[in-house]
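First the proteins, then the strands, lettered A, B, ... as listed; each starts at 1. Just so you know, these numbers use all the heavy atoms, side chains as well, and skip hydrogens, waters and symmetry mates.
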Amino acid sequence: MQRIYGLAFATEDELKAHLHMLEEAEKRDHRRLGRQLDLFHQQEEAPGMVFWHPRGWALWQAVERYVREVYRVSGYHEVRAPLIADVSLWKKSGHWDNFRENMFFTESEKRTYAVKPMNCPGHVQIFNAGLHSYRDLPIRYAEFGSCHRNEPSGALHGLMRVRAFTQDDGHIFCTEDQVQPEVTAFHAQAMDVYAAFGFTDVTLKIALRPDKRVGSDADWDRSEAVLRAALKQVGVPWTELPGEGAFYGPKIEYHLKDSIGRSWQCGTMQIDFSMPGRLGAEYVDETSGRKVPVMLHRAIVGSMERFIGILLENYSGALPFWLAPVQVVVAPIVSDADAYAGEVCAALRGAGVRAESDLRNEKINYKIREHSHQKIPVIAVVGRKEAEQRTVTLRRLGTEQQETLPLAEGVARLEAQSRL
RNA sequence: GCCGGCUUAGCUCAGGGGUAGAGCAGCGGUUUUGUAAACCGUUGGUCGGGGGUUCAAUUCCCUCAGCCGGCACCA
């Protein structure tokens, strides 16, 4: 069979607009920005995986620090589970039956281990290690969980679709009555996070029961209903995707639109009434009986890798100050100001600002051009005048205005902007 | 994974059956500079891996890998 693809436009202007869009998309392609801004690279020996360079990892950590703070204030306990576990665990969890084609395996001393494709079984093990009262619920675990999935080679795409990724994953063990409040609380939190990162075009979907599933129809009826009720309660529109739920339960999906109009699923809130039972999770209820908790799977940014890719494209690499890997470059004009530049840089670092100095023997024009291309948000220019008067002259990316102010004031101002 | 294309210096890219070039970057100098490229000199490549054809392959053929575009997939 032969397929022929084509695009057609009604007018020449529409064609031009389309070509312009493709050009813009290429300029802000996160793979290209990753090279230009020295954030990360990928190489043949590790397809679908990422080597994070110092600047890329600084960005990662800025995202991670913010999300970690969200965990903290919303009652999550951060945990950490092993990256590999005996395959028997994955047989119990159901992953072996459903997804072994997409899992990586390794072996040692005649035992086969699976590299974890999801974090939930690990979190259930942590839950199971103690005895829990209904009074303790909901129990919320969070992890920047490293996962590996053997995605089809043709699906790989920069940071957007990788084989090794890290989820801002969380699992909530709760009673059925607690599901709706947890879902609405999660929603508010997720929307706040998206707004903080600059995303306002978020669409919600509820993925409903698939053909291949576990659990009774009554369970599915209740769990789908509670998701609808939660979204109705918070007053947001959604669309429904019949047949697209996970095999263990329905889910809400949060889709963010990127700068070139592609929509990426980032956040998710899933109800799971299968895995806790399969893996033996239980709590003690009011009557001293044992009950199986409901488990909620949730993520806000989803994959850290993908989310960073979306951030880069959304901002064309010109990240807001609080996320920029290098927030300030201190650039002396003459070598007589080198010592003072070092002092300014140290003061900024002391205040928690990611600052570097550029003492190279280059003209200030050259430095400004280069650091502007590197999308550094603030260039602090110091010449003889600044060194004598103990001031800094700040130049913001994207403007030609400059502002000279006393060193302490400049440091305080940048410090205030350096974190959300 | 499927169909098609691509793979040449750190980056962006020329070139082509007789063992390779540019710009930028890098390095060595000169220059001490006030808001988007100072000047001079110069290093650098097993032309993605393996095999084949040929007197000779980076160039042609086969194969593998990765990447790119699309499709399928995405717990």
Side-chain angles (χ1 to χ4, degrees), chain A residues 1-7 22 25-26 29 31-32 34-38 41-49 53 90 93-103 116-121 147-158 160-163 165 167 169 207 210 212-214 244-249 251 253 264-265 268 270 272 274-275 297 299 302-303 306 329 331-338 358-376 378-387 393-404:
Chain A
M1 187 175 89
Q2 188 173 21
R3 291 197 178 93
I4 299 178
Y5 298 94
L7 286 173
L22 289 179
E26 192 182 329
D29 187 304
R31 294 165 298 189
R32 177 183 169 129
R35 257 195 311 278
Q36 286 173 344
L37 307 184
D38 195 15
H41 83 272
Q42 298 178 282
Q43 67 187 47
E44 207 171 326
E45 291 85 348
M49 307 183 204
H53 297 193
W90 304 99
S93 69
H95 291 91
W96 173 267
D97 289 335
N98 289 286
F99 311 112
R100 69 168 169 268
E101 295 306 315
N102 294 309
M103 290 167 66
K116 72 174 156 137
M118 293 181 80
N119 303 301
C120 30
C147 294
H148 290 74
R149 297 181 188 173
N150 197 3
E151 304 285 0
S153 55
L156 303 179
H157 182 87
M160 299 304 203
R161 190 76 182 271
V162 287
R163 288 189 174 138
F165 58 98
Q167 293 175 310
D169 208 355
K212 188 180 161 194
R213 60 178 182 267
V214 297
E244 299 208 7
F247 73 95
Y248 49 73
K251 56 186 178 183
E253 300 176 352
W264 297 97
Q265 184 189 321
T268 185
Q270 311 179 3
D272 181 351
S274 163
M275 208 174 300
H297 306 241
S303 151
R306 169 185 290 183
V329 167
I333 294 168
V334 292
S335 51
D336 286 352
D338 283 0
D358 179 0
L359 307 185
R360 291 175 306 168
N361 175 16
E362 297 289 352
K363 296 176 83 162
I364 193 63
N365 292 32
Y366 182 89
K367 293 181 183 180
I368 284 171
R369 176 183 159 82
E370 191 167 281
H371 298 305
S372 298
H373 282 156
Q374 286 293 306
K375 323 251 183 183
I376 307 296
V378 173
I379 301 173
V381 177
V382 294
R384 287 207 179 85
K385 209 165 55 187
E386 284 81 3
T393 296
L394 304 181
R395 179 196 165 109
R396 300 238 164 213
L397 182 61
T399 77
E400 283 167 24
Q401 297 161 12
Q402 32 177 320
E403 187 182 10
T404 302

If you check the [X] side chain, which of [options] turns out closest?
X: A:E44; options: B:A65, B:A37, B:A75; value: B:A65
X: A:E400; options: B:G66, B:C73, B:A36; value: B:A36
X: A:P152; options: B:C73, B:A38, B:U35; value: B:C73
X: A:S153; options: B:G1, B:U35, B:C68; value: B:G1
X: A:H373; options: B:C73, B:A36, B:C67; value: B:A36

Find every protein N or O atom lying less than 3.5 Å from an N or O atom of nucleotides 6-14 of chain B, and list the pairs.
unit_1	atom_1	unit_2	atom_2	d
B:U12	OP1	A:R35	NE	2.9
B:U12	OP1	A:R35	NH2	3.2

Below 4.0 angstrom from OP1 or OP2 of [N], is there any side-chain N or O of [X]?
X: A:H157; N: B:C74; value: no
X: A:R384; N: B:U33; value: yes
X: A:R31; N: B:C68; value: yes
X: A:Y366; N: B:C24; value: no

Classify the ring geometry of A:F99 against A:F247: parallel below 30°, tilted from 30° to 60°, perpendicular beyond 60°. tilted
Applying side-chain contact (heavy atoms from CB on, under 4.5 Å), run through A:V162 and A:Q42 and close with a yes or a no. CA-CA 10 Å; A:V162 287; A:Q42 298 178 282; 4.2 Å; yes
Between P of B:G29 and CD of A:E362, the distance in whole Å: 14 Å
